[in-house]
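Source: prediction; values computed, not measured.
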Amino acid sequence: MLTTRPRGTSDILPGQVEKWQYLEQVIRRLCREYGYSEIRTPIFEHTELFERGVGETTDIVEKEMYTFRDRGDRSITLRPEGTAPAVRAYLESRLFAGPQPVKLYYIGPMFRYDRPQAGRYRQFHQFGVEVFGSHDPAVDAEVVAMAMDLYSRLGLSDLELHINSVGCPRCRPVLREKLQDFFRSRLDKLCPNCRDRLGRNPLRILDCKEKSCIQASEDAPTSLDYLCPECTSHFQAVLKYLEELGVAYTVDRRLVRGLDYYTHTAFEIMAPGIGAQNSIGGGGRYNGLVEACGGPAIPGIGYALGLERILLTMEQQGISFPRPPGLDVFLATADPAAQGQAMVLVQELRREGLAADRDYLGRSLKAQMKYAGKLEVGLVAILGSDELKRGVVALRDMATGSQEEIPLDRLGDEIKRRCAGIK
RNA sequence: GUGGAUGUAGCUCAGUUGGUUAGAGCACCAGGUUGUGGCCCUGGGGGUCGUGGGUUCGAGUCCCAUCUUCCACCCCA
């Protein structure tokens, strides 16, 4: 137990963490180019925020939250998603009083008490964006295009973008009723889960993966059949913009975001080949959420992408990551007399902005060379008492094996010169 | 939360019908004569056989429980 991490968590170790850093770097650049500012919210919040903000009837709230009482007897929950905290911060800091729209992004760990499997963990990471303050369907399109842009920047291909409109508070009740009418007559064909859903959230039946339910809902009315004129024109505009942006999509009338405050656009991106948990991102418009959280009636839209699943897909598609830079130079000492001088020299090189390191295990020169070879350092500077006397070091190019004496005062510049040539 | 599989050195695995000090390859460390890596050779360290019970004269091998990971379901990222 002492040496075992909690279930569904993972250590991101050297060798792997560079991939994360690369991914994060691409994300941050993307966000800057799209005009988004980062927001960092707490990793835990008051439980009510998620109960209200995510929805009491969702699986997340009903069975997946990490909730506990703190020492002040407050109910605290490790954040299971990023939208509700962003809304909370937007309201708490009155960002709606500043210039609109407010475009935010976040990146960090989320927590859900699920049963782990490939691509699903109890602590996982999401990158997400939220835009507050605009109804413009162009924002819907931009947000979708931005997500797709990230995937393509990472080199991912063969992704499926599904998009739908789930209506608004005006047309959804109509659809709800139509769906309830439709399914009431074929209750016997629905799975127990969906029978339960009929009363609470009939839209979700369309989303059920149970064979019988898929069959039963084949001719069921979908949101697109009962959209109000405003919703229809909004959705048509989003699709038109996507076409203009060259983003390929599939209208999926079964795609549902089950929460009450979700409105209009809903979308999801799937990656084939990474297992059953193949959704690598999803989002939609939530024009009712800010108000539901006690704020003014301000529209919003956003998405969240799963970082583990993106990395999984990249690996599955054989995408190579840029090689992280290692040391510029390794300083090897040829005899113990040079130790003190080596320490000072390495420190000087670092001050000059070079990545430099040396041996700390009292190894023989041979062993130090071997070690440097394993680290794949391009240059090794060798310092012995002979060199020390003459104020030079032997600088060895590890790729070619050629070696040259460099005066100590020129060493930094010489290394920089050679590294520049390689880079 | 439900069902199925898995678990032997850091990694990939072997381990005969239960029977002596549990092995290999790779990795790690050290040597292969005087201050020099990548190949090769030699040697070394490292395993409470996931954990806890049980059966047995004897268990890595059989039984039970538990944990982990994996796969699927539910659902999502």
Exercise for review: Would you please indicate yes or no on a ring centroid separation below 6.0 angstrom for Phe330(A) and Tyr371(A)?
Suggested key: yes
Check your understanding: Among all residues two or more places apart in sequence or in another chain, which pass the side-chain hydrogen bond (donor to acceptor under 3.5 Å, both in side chains) test with Glu308(A)?
Key -> His125(A)
Exercise for review: Would you check if there is a donor-acceptor pair between the side chains of Glu130(A) and Tyr303(A) at a distance under 3.5 Å?
Suggested key: no
Check your understanding: If the P atom of G58(B) is compared with that of U21(B), how far apart are they to the nearest Å?
Key -> 14 Å
Point to revise | Out of U36(B), C74(B), C29(B), whichever nucleotide has its closest atom nearest the side chain of Arg396(A) | key: U36(B)
Review point. Are the ring of Phe124(A) and the base ring of A77(B) both nearer than 5.5 Å at their centres and tilted by less than 30°?
Key: yes
Exercise for review: Would you please confirm or rule out a distance under 4.0 Å between OP1 or OP2 of A30(B) and any side-chain N or O of Lys370(A)?
Suggested key: no
Practice item. Tell me whether the OP1 or OP2 atom of U68(B) has a side-chain N or O from Arg7(A) closer than 4.0 Å. Key: yes
Check your understanding: Do Arg309(A) side-chain and C76(B) base share a donor-acceptor contact under 3.5 Å?
Key -> yes
Review point. Between C70(B) and Arg120(A), is there an OP1 or OP2 to side-chain N/O distance shorter than 4.0 Å?
Key: no
Review point. So, is Gln117(A) close to the U69(B) phosphate, meaning a side-chain N or O under 4.0 Å from OP1 or OP2?
Key: no
Check your understanding: Should the ring pair Tyr90(A) and Phe132(A) be called parallel, tilted or perpendicular, given that the plane angle runs from 0 to 90° and is split at 30 and 60?
Key -> parallel
Check your understanding: What nucleic acid atoms does Arg122(A) come within less than 4.0 Å of, heavy atoms only: base, sugar-phosphate, or nothing?
Key -> nothing
Check your understanding: Does Arg396(A) pair with Glu404(A) as a salt bridge, N-O distance under 4.0 Å?
Key -> no
Practice item. Take atom C1' in A65(B) and the same atom in A72(B), then report the distance between them in whole Å. Key: 24 Å
Point to revise | Selected nucleotide, minimal atom distance to Arg112(A) side chain, candidates A77(B), U36(B), A72(B) | key: A77(B)
Check your understanding: Base, sugar-phosphate, or nothing for Gly128(A), non-hydrogen atoms under 4.0 angstrom?
Key -> nothing
Check your understanding: Using a cut-off of 4.0 Å on non-hydrogen atoms, how would the nucleic acid contact of Asp335(A) be classed: base, sugar-phosphate, or nothing?
Key -> nothing
Review point. Name the stems with RNA chain B in them: runs of three or more consecutive Watson-Crick or G-U pairs, distances under 3.5 Å?
Key: B:1-5 with B:69-73, B:10-13 with B:23-26, B:28-32 with B:40-44, B:50-54 with B:62-66
Exercise for review: Give one of base, sugar-phosphate or nothing for Gly283(A), where a contact means two heavy atoms less than 4.0 Å apart.
Suggested key: nothing
Point to revise | Base of G35(B) paired with side chain of Glu387(A) (donor-acceptor, under 3.5 Å) | key: yes
Check your understanding: Distance between the P atoms of U69(B) and G31(B), in whole angstroms?
Key -> 41 Å
Point to revise | Any donor-acceptor N/O pair under 3.5 Å between U36(B) base and Gln368(A) side chain | key: no
